[in-house]
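Data first, discussion second: the structure below is written as structure tokens.
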2 protein chains.
Amino acid sequence: MSGRVTSAEVAARAGVSRSAVSRVFSGASASKATERKVRKAAADLGYRPNVLARSLITGRSRIIGLVVSYLDNQFYPDALERLSEALQAEGYHILVFTAPEAEEPDALVEQMLDYQVDGIIAASVTIGGDLAARCQAAGIPVVLFNRGQDASGLSQVTSANRTGGAEVARFLRAGGHGRIAQITGWLGASTGRDRAEGFRAAAGPLVAEADGMFDRDRAAELAAAMWRDARPDAIFVGNDHMAFGAIDALRSEGAAVGREVSVVGYDDVAAAAWGAYDLTTLRQPARRMAEATVETLLALVEDPDRGAARIEIEGPLVVRGSARVPEGWA
Amino acid sequence: MSGRVTSAEVAARAGVSRSAVSRVFSGASASKATERKVRKAAADLGYRPNVLARSLITGRSRIIGLVVSYLDNQFYPDALERLSEALQAEGYHILVFTAPEAEEPDALVEQMLDYQVDGIIAASVTIGGDLAARCQAAGIPVVLFNRGQDASGLSQVTSANRTGGAEVARFLRAGGHGRIAQITGWLGASTGRDRAEGFRAAAGPLVAEADGMFDRDRAAELAAAMWRDARPDAIFVGNDHMAFGAIDALRSEGAAVGREVSVVGYDDVAAAAWGAYDLTTLRQPARRMAEATVETLLALVEDPDRGAARIEIEGPLVVRGSARVPEGWA
DNA sequence: GTAGTCTTTGCACACGTTTGCAAGAAAGGT
DNA sequence: ACCTTTCTTGCAAACGTGTGCAAAGACTAC
């Protein structure tokens, strides 16, 4: 009575074999006549194939594991949504594994393998080299989202962080800023490092620099301290999430953000456009990054021997009110 | 060579039958001796049971389907994270189904059933009555998160929205506000409706009221219009996400938020504590709501015949700077 | 030492699907 | 009419695991 209806029941009602109904639903060839009979019977009974049972034999689960933490940074929920949409469009779905802050994500990857995921997307997370090798061995492709890991041989999709950092530097210099400072993203991550290096290379000497570790509170403290000690007239902050904290801190120190001190972020999350912050920032195109990630990953699912891809996606500088804009800036 | 190692290989290496290794890993009884042999062999080979194959025979997939949209409201990523943590602690994981704005979530539920999910959590989404019945018939429990649906007979976990709305009203009246307005959450949803009704009942006559539909831009427009037309000295906004928009709009109309006009939100998302908004708001305890949701859902998984539960969780009013605070308010 | 009880173990079947294989049916060419 | 080719279809064997059943083994108690 209860429980799901099975392919055998459909077969019985349609007067054909289980193979026939299987072929109809898996897209293999079948005569018009049987196809009609099968579909009719299936509709009557409300039959839908059991994805899990199917996966057992095909070796494809149509499940993609996503490991993610740091969800309070709006960029990641946004990315999650885009990834999910792109995957759903291809008939895949996301199994979420949240990484408790400090813990190694390696244990999570083990769990993913238990679920026979077809692929893994690791967002803002580093994966141990042995684990990477293990996935490789198991034939399960991994794509790093918004983080690089050179030695790993894993595919990765990021924005053009070096270029972006440099672009911000050019913007600030063109604006006539002479006392430039930087609160970087976590330098232990490629994303933070690349932005910082690109910025440094094009900005010239800095009056202050510190590692904000992608942490909002830390960035706020650093910004306040910098303001008191070094009196920068511009601060590049490694992502928007920290930049909001920096702006709050600067304001409570009495600094006029956008006039006395320019603040530029990175990501262009939704809140950057909100009136209270009006943050000039370098956009990471979340949708295009998500699409590239999915495309790369699914290609790897098809052919695991295809080489690792490293994709960088460029984004524009979005000019708003938190930083002085140079005369005649395009 | 590649591919996963199977229980048969472990059995062979340990010199026992497949049943033995199955029993060891599924927690059934086994002698100390065989358990040791099996674990040794499994460790050597790197064996881990295939969850999908297991689910085929046990009828339990240890997958929970989550349908969610509206992820730009920070409350939901936060909830997602809490739900995921609570479920992971119990050995379950979340399969994500994002609901494209307008589309009926019913199609998504169908897809969930294909994955043999053990249960469904629907966040901020309404489920068609027939679908609910279908899940019931399939023995798959559904819990609504942060939304109620009286007729459906589904379990639901919300905050105490009526009480909360009333609490906000008391707070504003105690603060001596005489021209109170309201921008409600979407009145088509229980969450929006309950808050609005609780507020109305305790606030007395309002100088203005409109449905903000949980949409930030719409709330901003409404707030600006209200300010111009009705000159309220207090506005209760149906959730924080809209409240931020309202504050931005009020400020750009020249209103001094917190002095000329008080704004109170609902949710207490992270950004409410940020300096730029400093929003007084009624907290929805996301973690406790998530835990209650998981507890309810898993109980239902154990025993599907248990009756539907309706849980309301109270949250405190968090007093910050966006609204005038009454003399001697506790 | 023997009967009885409790624990451990392997066999074989089940879960719901896909798919190689071979046989049957239909179609097409002479 | 007959042979060949192409489609269609059912049978049966997988995929990797859990579990009822009965046999075997380990104890206990007399």
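Heavy-atom basis, side chains included; hydrogens, waters and symmetry copies ignored. A note on names: the letters A, B, ... follow the listed sequences, proteins ahead of strands, and every chain is numbered from 1. Remember, it's a predicted structure, so these values are computed and weren't measured experimentally.
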Restricting to nitrogen or oxygen on both sides, can you table the protein-nucleotides 5-11 of chain C pairs closer than 3.5 Å?
| residue | atom | partner | partner atom | Å |
| --- | --- | --- | --- | --- |
| C:dT9 | OP1 | B:Ser31 | OG | 3.0 |
| C:dT9 | OP1 | B:Thr34 | OG1 | 3.3 |
| C:dT9 | OP2 | B:Ser31 | N | 3.3 |
| C:dT9 | OP2 | B:Thr34 | OG1 | 3.2 |
| C:dG10 | OP2 | B:Ser17 | N | 3.1 |
| C:dG10 | OP2 | B:Ser17 | OG | 3.0 |
| C:dG10 | N7 | B:Arg23 | NH2 | 2.7 |
| C:dG10 | O6 | B:Arg23 | NH2 | 2.9 |
| C:dC11 | N4 | B:Ser19 | OG | 3.0 |

Original post:
Between B:Tyr115 and C:dG16, does any side-chain N or O lie under 4.0 Å from OP1 or OP2?
Top reply: no
Original post:
Roughly how many Å is it from CD in B:Gln116 to P in C:dC15, rounded to a whole number?
Top reply: 14 Å
Original post:
Between A:Leu52 and A:Asn50, what is the shortest heavy-atom contact and its length?
Top reply: N-OD1, 2.8 Å
Subject >> Whole angstrom value for the distance that separates P of C:dT17 from CZ of A:Arg62 >> reply: 16 Å
**OP:** Can you sort out the partners of A:Ala20 under side chain to side chain contact (heavy atoms under 4.5 Å, CB included), two or more places apart, ordered by chain and number?
**Re:** A:Val16, A:Ser17
**OP:** Report the residue from A:Leu144, A:Thr293, A:Val143 that forms a side-chain contact (heavy atoms from CB on, under 4.5 Å) with A:Ser155.
**Re:** A:Val143
Original post:
A:Leu71 and B:Pro77: which non-hydrogen atoms are nearest, and at how many Å?
Top reply: CD2-O, 3.7 Å
Original post:
Does A:Arg39 make a cation-pi contact with A:Phe25 (under 6.0 Å, within 45 degrees of the axis)?
Top reply: yes
Original post:
Whole Å only: how far is the CG atom of A:Leu45 from the P atom of C:dG16?
Top reply: 14 Å
**OP:** May I have the distance from A:Phe25 (atom CZ) to C:dT17 (atom P), rounded to whole angstrom?
**Re:** 10 Å
Subject >> Candidates C:dG16, D:dG18, D:dG16 - which lies nearest the side chain of B:Ala53 >> reply: D:dG16
**OP:** Answer whether the closest heavy-atom distance between the side chains of B:Tyr76 and B:Ser124 falls below 4.5 Å.
**Re:** yes
Subject >> Nearest-Å distance for atom pair CZ/P, residues B:Arg60 and C:dA14 >> reply: 22 Å
**OP:** Using whole Å, report how far CZ of A:Arg54 lies from C1' of C:dT19.
**Re:** 13 Å
Original post:
Counting side-chain heavy atoms from CB outward, which of C:dT17, C:dG16, D:dT17 is closest to B:Thr6?
Top reply: D:dT17
Original post:
Tell me: CG of B:Leu56 to P of C:dG16, nearest whole Å?
Top reply: 7 Å
Original post:
Does the side chain of B:Phe75 reach to within under 4.5 Å of the side chain of B:Asn146, using non-hydrogen atoms?
Top reply: yes
Subject >> Between C1' of D:dG16 and CG of B:Asn50, the distance in whole Å >> reply: 6 Å
**OP:** Report which part of the nucleic acid B:Ser7 touches: base, sugar-phosphate, or nothing (heavy-atom distance under 4.0 Å, all strands).
**Re:** sugar-phosphate
